[in-house]
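For reference, the structure discussed in these notes is given below.
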Amino acid sequence: MHLAATLSWPKVKALAGGGAFALLPVGSTEAHGPHLPLNVDVVIAQEVCRRVAARLGERECVVFPAVPYGLTDFAAAFAGTVSLTADATRAVLSQVLEGIARHGFRTIAVINHHLEPAHFAVVHEAAKLAREKTGAKIVVPDHRKKPHGPRLGAEFTHGGSHAGRYETALMLAAAPELVDDAARRALPELAVDLPAKIKAGAKSFEEAGGPDAYFGAPAAATAEEGHALLDILAEISCAALLEVPK
Ligand SMILES: [Zn+2]
């Protein structure tokens, strides 16, 4: 795996010309309960990129610096959360993708792990815009969709995919030093079906029944489960990349 930020331009040029894949991790800066940091989505996206590169083996992979800001209206009231408008998010993402494509990367994957529906929709729109402008093949693996979602556990599809067992497990595997273990073990389970609440019209975590910006069961998370989930997420993204016709 190559980290674009650490390479010289001739090296990037050679990798792009040689047909390397480019990966763009996308996250958010937003509240993730009292036990996790603001950069959870960025950490997860970067770790998935690392595992995608490892799975691709011989095929060269260049991971670009993560986009740490997006549309995060649900967490807007919590300290530290920074939200961009849909227009700003779309502009930033499409222009970053155009920048990557302009210098020869023909197959690009956007690895987004900020799951707010309006944000994920904008990620798809930005990829479409950049695709139309550059002709590059830009895939947006969407692990919420069937058949992927159910593989990520019942909490992911019907519960607290925000800062609950799912994301806490991913963080225990990817960056355990960033998890406040005592805090997360003390958190009571919040059995809220977040996707259903969003469908029913909730516009914030408070309205959805999550006054501390977490849902589900952070106390039930394990690093072991997190590693298994990260491998599934990497597998989904790898498959999306390898399905792209050359
Ligand atoms: Zn998150």
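Since we're looking at a predicted model, the values are computed, not measured. Indexing begins at 1, ligand by ligand and atom by atom, following the structure's order.
Taking 2.8 Å as the threshold, Glu30 does not count as a candidate ligand of the Zn ion (ligand 1), since none of its N, O or S atoms lies below it. Residue side and main chain included, His32 places an N/O/S atom under 2.8 Å of the Zn ion (ligand 1).
Of the residues His114, His113, His32, the one that meets the ring pair (Phe, Tyr, Trp, His ring centres under 6.0 Å) test with His162 is His32.
In terms of the salt bridge (charged side-chain N to carboxylate O under 4.0 Å, His left out) criterion, residue partners of Asp231 (sequence neighbours excluded) are, by chain and number, Arg51.
Under 4.0 Å is where a charged nitrogen must lie from a carboxylate oxygen, and between Lys197 and Asp193 no such pair does.
Within Glu167, the N/O/S atom positioned nearest the Zn ion (ligand 1) carries the name OE2. If you look at Asp41 and ask which of its N, O or S atoms sits nearest the Zn ion (ligand 1), the answer is OD1.
Neither side chain, Ser28 nor His119, offers a donor N or O lying under 3.5 Å from an acceptor on the other.
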